[in-house]
Amino acid sequence: MQECVSPINLFEYEQLAKAHLSQMAFDYYSSGAWDEITLQDNRTAFSRVKLRPKMLVDVSEINLTTKLLGEPLQLPLLIAPMAFQCLAHPAGEIVTASAAASAGVGMVLSTLSTKSLEEVATVDNGWQWFQLYIHKDRGLTRALVERAYTAGYKALCLTVDAPVLGKRERDQRNEFTLPSGLHPANLRKISGLDIPQEKGESGLLTYFAQQINPALTWKDLEWLQSLSPLPLVLKGILRGDDAVRAVEYGAQGIVVSNHGGRQLDGAIASLDALPEIVAAVDGRAEVLLDGGIRRGTDILKALALGAKAVLIGRPVLWGLAVSGQAGVADIISLLKDELTTAMALSGCANLQDIDSTLVIQSQ
(Lines give C-alpha, C1' and ligand atoms only; values in the text may rest on other atoms or scores of the structure.)
Protein backbone atom coordinates (compact mmCIF):
# COMPACT_ATOMS: atom_id res chain seq x y z
CA MET A 1 0.00 0.00 0.00
CA GLN A 2 1.29 3.48 -0.90
CA GLU A 3 1.97 5.49 2.25
CA CYS A 4 -0.70 8.08 2.97
CA VAL A 5 0.51 11.57 3.85
CA SER A 6 -2.57 12.22 5.99
CA PRO A 7 -4.51 9.16 7.06
CA ILE A 8 -8.25 9.71 6.75
CA ASN A 9 -9.41 6.68 8.74
CA LEU A 10 -8.20 4.23 11.36
CA PHE A 11 -7.43 1.50 8.83
CA GLU A 12 -4.90 3.74 7.07
CA TYR A 13 -3.23 4.44 10.41
CA GLU A 14 -2.79 0.70 10.92
CA GLN A 15 -1.07 0.35 7.56
CA LEU A 16 1.25 3.27 8.31
CA ALA A 17 2.08 1.94 11.77
CA LYS A 18 3.72 -1.14 10.27
CA ALA A 19 6.55 1.03 8.98
CA HIS A 20 7.08 2.64 12.39
CA LEU A 21 7.15 -0.51 14.53
CA SER A 22 9.43 -3.51 14.74
CA GLN A 23 7.88 -6.78 13.57
CA MET A 24 7.85 -8.01 17.17
CA ALA A 25 6.04 -4.90 18.42
CA PHE A 26 3.52 -4.83 15.57
CA ASP A 27 2.72 -8.51 16.04
CA TYR A 28 2.40 -8.06 19.80
CA TYR A 29 -0.08 -5.22 19.38
CA SER A 30 -2.08 -6.69 16.50
CA SER A 31 -2.22 -10.41 17.19
CA GLY A 32 -4.95 -12.52 18.71
CA ALA A 33 -4.98 -15.97 20.26
CA TRP A 34 -4.53 -19.17 18.25
CA ASP A 35 -6.36 -18.89 14.89
CA GLU A 36 -7.49 -15.30 15.63
CA ILE A 37 -11.14 -16.20 14.96
CA THR A 38 -12.45 -14.02 17.78
CA LEU A 39 -10.10 -11.20 16.78
CA GLN A 40 -11.70 -11.17 13.32
CA ASP A 41 -15.23 -11.70 14.60
CA ASN A 42 -15.03 -8.59 16.77
CA ARG A 43 -14.94 -6.63 13.51
CA THR A 44 -17.38 -8.82 11.58
CA ALA A 45 -19.99 -8.50 14.34
CA PHE A 46 -20.49 -4.83 13.50
CA SER A 47 -21.36 -5.72 9.89
CA ARG A 48 -24.15 -7.96 11.20
CA VAL A 49 -25.87 -4.97 12.81
CA LYS A 50 -27.80 -2.74 10.41
CA LEU A 51 -28.92 0.82 11.08
CA ARG A 52 -32.52 2.01 10.73
CA PRO A 53 -32.22 5.82 10.50
CA LYS A 54 -34.99 8.22 11.49
CA MET A 55 -35.90 11.01 9.05
CA LEU A 56 -36.91 14.67 9.34
CA VAL A 57 -35.25 15.21 12.70
CA ASP A 58 -33.50 18.48 13.57
CA VAL A 59 -29.83 17.50 13.68
CA SER A 60 -28.37 20.96 13.19
CA GLU A 61 -26.58 20.55 16.53
CA ILE A 62 -25.16 17.23 17.73
CA ASN A 63 -24.35 16.74 21.43
CA LEU A 64 -21.91 13.92 22.24
CA THR A 65 -21.34 14.68 25.93
CA THR A 66 -22.06 12.19 28.69
CA LYS A 67 -20.88 11.09 32.14
CA LEU A 68 -19.37 7.81 33.27
CA LEU A 69 -19.34 6.98 36.97
CA GLY A 70 -19.94 10.68 37.48
CA GLU A 71 -16.97 11.84 35.38
CA PRO A 72 -17.63 14.02 32.29
CA LEU A 73 -16.81 12.86 28.77
CA GLN A 74 -16.88 14.99 25.65
CA LEU A 75 -17.82 11.86 23.72
CA PRO A 76 -18.68 8.33 24.86
CA LEU A 77 -15.13 7.04 24.51
CA LEU A 78 -12.25 5.83 26.68
CA ILE A 79 -8.77 4.63 25.84
CA ALA A 80 -8.58 0.92 26.66
CA PRO A 81 -5.81 -0.45 28.89
CA MET A 82 -2.86 -1.51 26.75
CA ALA A 83 0.52 -2.65 28.01
CA PHE A 84 3.96 -1.49 26.89
CA GLN A 85 3.04 1.65 24.95
CA CYS A 86 6.66 2.78 24.87
CA LEU A 87 7.15 0.13 22.18
CA ALA A 88 5.24 2.56 19.94
CA HIS A 89 6.64 5.90 21.18
CA PRO A 90 9.30 6.88 23.73
CA ALA A 91 6.80 8.81 25.87
CA GLY A 92 4.23 6.03 25.60
CA GLU A 93 1.35 6.25 28.05
CA ILE A 94 2.08 9.87 28.98
CA VAL A 95 1.34 11.24 25.51
CA THR A 96 -1.64 8.91 25.18
CA ALA A 97 -3.03 10.34 28.41
CA SER A 98 -2.31 13.88 27.22
CA ALA A 99 -4.20 13.32 23.98
CA ALA A 100 -7.12 11.80 25.87
CA ALA A 101 -7.22 14.72 28.31
CA SER A 102 -7.15 17.28 25.50
CA ALA A 103 -10.05 15.54 23.78
CA GLY A 104 -12.06 15.19 26.98
CA VAL A 105 -12.09 11.40 27.05
CA GLY A 106 -10.97 9.00 29.78
CA MET A 107 -8.06 6.59 29.82
CA VAL A 108 -7.58 3.23 31.51
CA LEU A 109 -3.94 2.66 32.43
CA SER A 110 -2.56 -0.88 32.33
CA THR A 111 -0.80 -2.50 35.27
CA LEU A 112 1.88 -3.37 32.69
CA SER A 113 2.39 0.20 31.48
CA THR A 114 5.87 1.40 30.57
CA LYS A 115 5.27 4.74 32.33
CA SER A 116 4.37 4.65 36.00
CA LEU A 117 0.86 5.28 37.25
CA GLU A 118 2.17 8.31 39.15
CA GLU A 119 3.69 9.83 36.00
CA VAL A 120 0.49 9.36 34.01
CA ALA A 121 -1.64 10.80 36.81
CA THR A 122 0.20 14.13 36.53
CA VAL A 123 -1.24 14.81 33.05
CA ASP A 124 -3.20 18.06 33.25
CA ASN A 125 -7.00 17.92 32.99
CA GLY A 126 -7.09 14.16 32.51
CA TRP A 127 -8.90 11.45 34.39
CA GLN A 128 -7.88 7.82 34.47
CA TRP A 129 -8.97 4.46 35.73
CA PHE A 130 -6.34 1.94 36.77
CA GLN A 131 -6.52 -1.51 35.20
CA LEU A 132 -5.46 -4.19 37.65
CA TYR A 133 -4.06 -7.69 37.34
CA ILE A 134 -4.14 -9.42 40.72
CA HIS A 135 -0.73 -10.95 41.34
CA LYS A 136 -0.03 -13.98 43.48
CA ASP A 137 1.74 -11.58 45.84
CA ARG A 138 -1.20 -9.91 47.57
CA GLY A 139 1.08 -7.36 49.13
CA LEU A 140 2.06 -6.21 45.63
CA THR A 141 -1.59 -6.01 44.59
CA ARG A 142 -2.46 -4.02 47.70
CA ALA A 143 0.39 -1.62 46.99
CA LEU A 144 -0.79 -1.06 43.41
CA VAL A 145 -4.33 -0.28 44.58
CA GLU A 146 -3.09 2.09 47.27
CA ARG A 147 -0.81 3.86 44.80
CA ALA A 148 -3.67 4.28 42.32
CA TYR A 149 -5.94 5.73 44.99
CA THR A 150 -3.27 8.10 46.26
CA ALA A 151 -2.46 9.26 42.71
CA GLY A 152 -6.08 10.19 42.04
CA TYR A 153 -7.35 7.44 39.76
CA LYS A 154 -11.15 7.43 39.53
CA ALA A 155 -11.82 3.67 39.50
CA LEU A 156 -10.23 0.23 39.54
CA CYS A 157 -10.76 -1.75 36.37
CA LEU A 158 -10.13 -5.41 37.19
CA THR A 159 -9.41 -7.65 34.21
CA VAL A 160 -11.21 -10.94 34.89
CA ASP A 161 -10.65 -12.85 31.64
CA ALA A 162 -6.94 -13.58 32.08
CA PRO A 163 -6.35 -16.17 34.83
CA VAL A 164 -3.74 -17.44 32.39
CA LEU A 165 -2.54 -15.79 29.21
CA GLY A 166 -4.06 -16.81 25.89
CA LYS A 167 -1.69 -18.46 23.42
CA ARG A 168 -0.65 -15.80 20.92
CA GLU A 169 1.35 -17.69 18.37
CA ARG A 170 2.90 -14.65 16.72
CA ASP A 171 4.38 -13.68 20.10
CA GLN A 172 5.58 -17.24 20.60
CA ARG A 173 7.24 -17.28 17.19
CA ASN A 174 8.88 -13.91 17.86
CA GLU A 175 9.94 -14.92 21.42
CA PHE A 176 8.35 -11.66 22.57
CA THR A 177 10.12 -9.70 25.28
CA LEU A 178 10.70 -6.03 26.01
CA PRO A 179 13.72 -4.40 24.39
CA SER A 180 16.62 -3.36 26.59
CA GLY A 181 15.71 -0.30 28.62
CA LEU A 182 11.96 -0.91 28.74
CA HIS A 183 10.30 -2.32 31.85
CA PRO A 184 6.83 -2.55 33.42
CA ALA A 185 7.18 0.78 35.20
CA ASN A 186 4.68 0.05 37.98
CA LEU A 187 6.67 -3.04 38.99
CA ARG A 188 10.16 -1.83 38.23
CA LYS A 189 11.48 -1.69 41.78
CA ILE A 190 10.44 -5.26 42.51
CA SER A 191 12.96 -8.00 41.77
CA GLY A 192 11.80 -10.78 39.44
CA LEU A 193 8.85 -8.87 37.97
CA ASP A 194 10.37 -8.06 34.61
CA ILE A 195 9.31 -9.71 31.34
CA PRO A 196 11.71 -12.64 30.84
CA GLN A 197 13.51 -13.65 27.68
CA GLU A 198 12.25 -17.16 26.86
CA LYS A 199 13.64 -19.42 24.16
CA GLY A 200 10.81 -20.52 21.86
CA GLU A 201 8.15 -18.80 23.98
CA SER A 202 6.59 -15.43 24.71
CA GLY A 203 8.13 -13.80 27.77
CA LEU A 204 4.73 -12.36 28.65
CA LEU A 205 3.21 -15.84 28.76
CA THR A 206 5.93 -16.89 31.19
CA TYR A 207 5.39 -13.77 33.30
CA PHE A 208 1.67 -14.54 33.67
CA ALA A 209 2.38 -18.15 34.60
CA GLN A 210 4.83 -17.04 37.28
CA GLN A 211 3.11 -13.96 38.71
CA ILE A 212 -0.64 -13.61 37.94
CA ASN A 213 -3.03 -15.37 40.30
CA PRO A 214 -5.13 -18.02 38.47
CA ALA A 215 -7.05 -18.92 41.65
CA LEU A 216 -9.01 -15.64 41.72
CA THR A 217 -12.75 -16.05 42.47
CA TRP A 218 -15.78 -13.84 43.08
CA LYS A 219 -15.10 -13.88 46.81
CA ASP A 220 -11.78 -12.10 46.25
CA LEU A 221 -13.69 -9.03 45.07
CA GLU A 222 -14.67 -8.34 48.69
CA TRP A 223 -10.98 -8.24 49.66
CA LEU A 224 -10.14 -6.05 46.67
CA GLN A 225 -12.85 -3.53 47.51
CA SER A 226 -11.65 -3.37 51.12
CA LEU A 227 -8.34 -1.88 49.95
CA SER A 228 -9.71 1.48 48.79
CA PRO A 229 -12.98 3.38 48.26
CA LEU A 230 -12.47 3.39 44.48
CA PRO A 231 -15.45 2.10 42.46
CA LEU A 232 -14.90 -1.29 40.85
CA VAL A 233 -15.28 -1.99 37.14
CA LEU A 234 -14.98 -5.57 35.85
CA LYS A 235 -13.49 -5.97 32.38
CA GLY A 236 -13.94 -9.21 30.43
CA ILE A 237 -17.58 -10.16 31.09
CA LEU A 238 -19.33 -12.05 28.24
CA ARG A 239 -22.34 -13.68 29.96
CA GLY A 240 -25.50 -12.32 31.52
CA ASP A 241 -25.23 -14.48 34.63
CA ASP A 242 -21.67 -13.26 35.25
CA ALA A 243 -22.90 -9.69 34.82
CA VAL A 244 -25.59 -10.24 37.45
CA ARG A 245 -23.02 -11.71 39.82
CA ALA A 246 -20.69 -8.78 39.18
CA VAL A 247 -23.41 -6.36 40.29
CA GLU A 248 -24.17 -8.50 43.35
CA TYR A 249 -20.49 -8.30 44.34
CA GLY A 250 -20.45 -4.53 44.07
CA ALA A 251 -19.25 -3.71 40.56
CA GLN A 252 -20.41 -0.29 39.42
CA GLY A 253 -19.27 -0.84 35.85
CA ILE A 254 -18.88 -3.75 33.43
CA VAL A 255 -16.78 -3.82 30.28
CA VAL A 256 -18.14 -6.35 27.80
CA SER A 257 -14.88 -7.62 26.35
CA ASN A 258 -13.04 -10.67 25.06
CA HIS A 259 -9.65 -8.98 25.52
CA GLY A 260 -9.48 -7.98 21.87
CA GLY A 261 -9.53 -11.64 20.81
CA ARG A 262 -6.28 -12.23 22.70
CA GLN A 263 -7.48 -14.75 25.30
CA LEU A 264 -9.99 -17.54 24.45
CA ASP A 265 -10.12 -17.95 20.69
CA GLY A 266 -13.62 -18.87 19.58
CA ALA A 267 -15.22 -16.73 22.29
CA ILE A 268 -18.28 -14.70 21.36
CA ALA A 269 -17.73 -11.28 19.79
CA SER A 270 -18.10 -8.48 22.32
CA LEU A 271 -20.91 -6.81 20.35
CA ASP A 272 -22.87 -10.08 20.15
CA ALA A 273 -22.61 -10.48 23.93
CA LEU A 274 -23.69 -6.91 24.69
CA PRO A 275 -27.53 -7.11 24.53
CA GLU A 276 -27.77 -10.04 26.98
CA ILE A 277 -25.53 -8.28 29.47
CA VAL A 278 -27.38 -4.96 29.21
CA ALA A 279 -30.65 -6.79 29.88
CA ALA A 280 -29.19 -8.74 32.80
CA VAL A 281 -27.70 -5.65 34.46
CA ASP A 282 -30.96 -3.73 33.98
CA GLY A 283 -29.49 -0.34 34.82
CA ARG A 284 -27.77 -1.42 38.06
CA ALA A 285 -24.29 -0.76 36.64
CA GLU A 286 -22.88 1.12 33.70
CA VAL A 287 -22.08 -1.14 30.75
CA LEU A 288 -19.24 -0.44 28.34
CA LEU A 289 -17.92 -2.33 25.33
CA ASP A 290 -14.54 -2.85 23.76
CA GLY A 291 -13.35 -4.90 20.82
CA GLY A 292 -13.38 -4.06 17.12
CA ILE A 293 -14.30 -0.37 17.19
CA ARG A 294 -12.94 1.22 14.00
CA ARG A 295 -15.69 3.57 12.80
CA GLY A 296 -18.10 6.10 14.22
CA THR A 297 -20.92 3.84 13.08
CA ASP A 298 -19.45 1.10 15.29
CA ILE A 299 -19.80 3.38 18.29
CA LEU A 300 -23.36 4.25 17.27
CA LYS A 301 -24.31 0.56 17.01
CA ALA A 302 -22.78 -0.24 20.41
CA LEU A 303 -24.70 2.63 22.02
CA ALA A 304 -27.92 1.52 20.34
CA LEU A 305 -27.44 -1.96 21.81
CA GLY A 306 -27.13 -0.50 25.29
CA ALA A 307 -23.50 0.47 25.93
CA LYS A 308 -22.95 3.72 27.84
CA ALA A 309 -19.56 4.20 26.16
CA VAL A 310 -16.90 2.26 24.26
CA LEU A 311 -13.18 1.69 24.66
CA ILE A 312 -10.71 1.75 21.79
CA GLY A 313 -7.39 -0.04 21.89
CA ARG A 314 -5.22 -0.94 18.93
CA PRO A 315 -6.03 2.17 16.81
CA VAL A 316 -4.58 4.32 19.59
CA LEU A 317 -1.32 2.40 19.28
CA TRP A 318 -1.28 2.94 15.52
CA GLY A 319 -1.70 6.69 16.02
CA LEU A 320 0.94 6.67 18.75
CA ALA A 321 3.42 4.87 16.51
CA VAL A 322 2.82 7.13 13.51
CA SER A 323 2.97 10.55 15.18
CA GLY A 324 2.86 10.36 18.96
CA GLN A 325 0.38 12.57 20.76
CA ALA A 326 -0.80 14.15 17.52
CA GLY A 327 -1.56 10.70 16.12
CA VAL A 328 -3.58 9.64 19.16
CA ALA A 329 -5.44 12.96 19.05
CA ASP A 330 -6.22 12.41 15.37
CA ILE A 331 -7.55 8.90 16.03
CA ILE A 332 -9.96 10.34 18.61
CA SER A 333 -10.88 13.23 16.31
CA LEU A 334 -11.61 10.91 13.37
CA LEU A 335 -13.95 8.80 15.51
CA LYS A 336 -15.63 11.91 16.93
CA ASP A 337 -16.26 13.31 13.45
CA GLU A 338 -17.55 9.97 12.18
CA LEU A 339 -19.87 9.53 15.16
CA THR A 340 -21.20 13.06 14.70
CA THR A 341 -21.97 12.37 11.05
CA ALA A 342 -23.48 8.95 11.79
CA MET A 343 -25.77 10.42 14.46
CA ALA A 344 -26.92 13.21 12.15
CA LEU A 345 -27.68 10.77 9.34
CA SER A 346 -29.53 8.52 11.79
CA GLY A 347 -31.74 11.28 13.19
CA CYS A 348 -30.11 11.43 16.62
CA ALA A 349 -29.16 14.86 17.94
CA ASN A 350 -28.21 13.61 21.41
CA LEU A 351 -26.88 10.37 22.84
CA GLN A 352 -30.23 9.98 24.62
CA ASP A 353 -31.92 9.69 21.21
CA ILE A 354 -29.97 6.49 20.44
CA ASP A 355 -31.91 3.34 21.35
CA SER A 356 -32.51 -0.22 20.20
CA THR A 357 -35.06 0.86 17.56
CA LEU A 358 -32.12 2.24 15.57
CA VAL A 359 -30.64 -1.18 14.81
CA ILE A 360 -31.53 -4.65 13.63
CA GLN A 361 -29.22 -7.64 13.93
CA SER A 362 -28.87 -10.05 11.03
CA GLN A 363 -27.44 -13.54 11.10
Side-chain angles (χ1 to χ4, degrees), residues 9-10 45-80 99-108 125-127 129 154-155 231 233 243 252-257 270-271 273-312 315-316 329-361:
N9 60 51
L10 274 57
F46 285 97
S47 69
R48 296 194 288 267
V49 176
K50 310 301 181 184
L51 293 165
R52 302 170 64 239
K54 310 167 192 176
M55 299 302 157
L56 296 177
V57 177
D58 180 358
V59 290
S60 56
E61 294 186 13
I62 303 295
N63 183 0
L64 302 179
T65 61
T66 187
K67 287 187 175 182
L68 194 60
L69 297 185
E71 297 298 327
L73 291 171
Q74 292 304 303
L75 65 157
L77 183 72
L78 289 84
I79 306 299
S102 296
V105 303
M107 175 177 170
V108 189
N125 302 316
W127 65 263
W129 294 351
K154 303 297 185 181
V233 177
Q252 296 183 35
I254 290 171
V255 182
V256 182
S257 172
S270 298
L271 192 70
L274 179 61
E276 176 187 333
I277 291 170
V278 169
V281 168
D282 194 24
R284 293 174 292 167
E286 295 187 335
V287 178
L288 298 85
L289 174 131
D290 81 357
I293 299 286
R294 297 294 183 273
R295 288 284 190 185
T297 48
D298 298 338
I299 301 175
L300 181 62
K301 291 172 182 179
L303 299 180
L305 290 172
K308 183 73 178 289
V310 301
L311 295 88
I312 57 168
V316 169
D330 195 35
I331 292 291
I332 298 170
S333 179
L334 286 169
L335 286 173
K336 181 178 181 179
D337 289 347
E338 289 183 7
L339 177 59
T340 299
T341 300
M343 286 176 60
L345 292 174
S346 298
C348 299
N350 302 283
L351 298 182
Q352 293 76 16
D353 299 330
I354 302 170
D355 60 29
S356 59
T357 67
L358 196 66
V359 291
I360 185 169
Q361 290 182 281

> What's the spacing between Leu289 CG and Ile254 CD1 if we round to 0.5 Å?
Replying inline: 12.5 Å
> For the residue pair Ala302 and Val310, what are the closest heavy atoms and their distance?
Replying inline: CB-CG1, 3.7 Å
> What are the two closest non-hydrogen atoms of Leu358 and Pro53, and how far apart are they?
Replying inline: CD1-CA, 4.2 Å
> Who are the side-chain contact (heavy atoms from CB on, under 4.5 Å) partners of Ala99, not counting sequence neighbours?
Replying inline: Gln325, Val328, Ala329
>> Strictly by side chain to side chain donor-acceptor pair (under 3.5 Å), give each pair with a member in residues 341-357 just once, sequence neighbours left out.
In response: Asp355-Thr357
> What distance do Lys50 atom NZ and Thr297 atom OG1 have between them, rounded to the nearest 0.5 Å?
Replying inline: 10.5 Å
> Is the number of heavy atoms from other residues, nucleotides or ligands within 6.0 Å of CD1 (Ile360) greater than 12?
Replying inline: no
> Atom CG in Leu334, atom CG in Asp330: separation rounded to 0.5 Å?
Replying inline: 4.5 Å
>> How long is the straight-line distance from CD1 of Ile312 back to CG of Leu10, given to the nearest 0.5 Å?
In response: 6.5 Å
> Which value, rounded to the nearest 0.5 Å, describes the distance between Leu78 atom CG and Trp129 atom CH2?
Replying inline: 5.5 Å
> Quick one: side-chain hydrogen bond (donor to acceptor under 3.5 Å, both in side chains) partners of Asp58, sequence neighbours excluded?
Replying inline: Ser60
>> Taking salt bridge (charged side-chain N to carboxylate O under 4.0 Å, His left out) as the definition, give me every residue that meets it alongside Glu286, ordered by chain and number, with sequence neighbours left out.
In response: Lys308
> Any side-chain heavy-atom pair from Val59 and Met343 closer than 4.5 angstrom?
Replying inline: no
> Excluding sequence neighbours, so at least two apart, what forms side-chain contact (heavy atoms from CB on, under 4.5 Å) with Glu276?
Replying inline: none
>> Check whether Trp127 reaches the backbone of Leu73 with its side chain - one donor and one acceptor, N or O, closer than 3.5 Å.
In response: no
>> Run the side-chain contact (heavy atoms from CB on, under 4.5 Å) test against Val49 and tell me which residues pass, sequence neighbours left out.
In response: Leu271, Lys301, Leu305, Val359, Gln361
> Which atom names give the shortest non-hydrogen contact between Ile62 and Cys348, and what distance separates them?
Replying inline: CD1-O, 3.5 Å
> Tell me, do Lys336 and Leu64 make a side-chain contact under 4.5 Å, heavy atoms counted?
Replying inline: yes
> Taking all atoms of both residues into account, what is the closest heavy-atom pair of Ala309 and Leu68, and its distance?
Replying inline: CB-CD2, 4.5 Å
> By side-chain contact (heavy atoms from CB on, under 4.5 Å), which residues pair with Ala273, not counting sequence neighbours?
Replying inline: Leu238, Val256, Ile268, Ile277
> Looking at Ile332 and Ile79, what are the two nearest heavy atoms and their distance?
Replying inline: CD1-CD1, 4.2 Å
> Which atoms form the tightest heavy-atom contact between Asp298 and Gly292, and what is the distance?
Replying inline: OD2-O, 3.7 Å
> Can you list every pair that meets side chain to side chain donor-acceptor pair (under 3.5 Å) and has a residue in residues 63-78, with sequence neighbours left out?
Replying inline: Asn63-Thr65
>> Test of understanding: with salt bridge (charged side-chain N to carboxylate O under 4.0 Å, His left out), list the residues that count as partners of Arg295, not counting sequence neighbours.
In response: Glu338
> Is there a side-chain contact between Leu77 and Leu339 (heavy atoms, below 4.5 Å)?
Replying inline: no
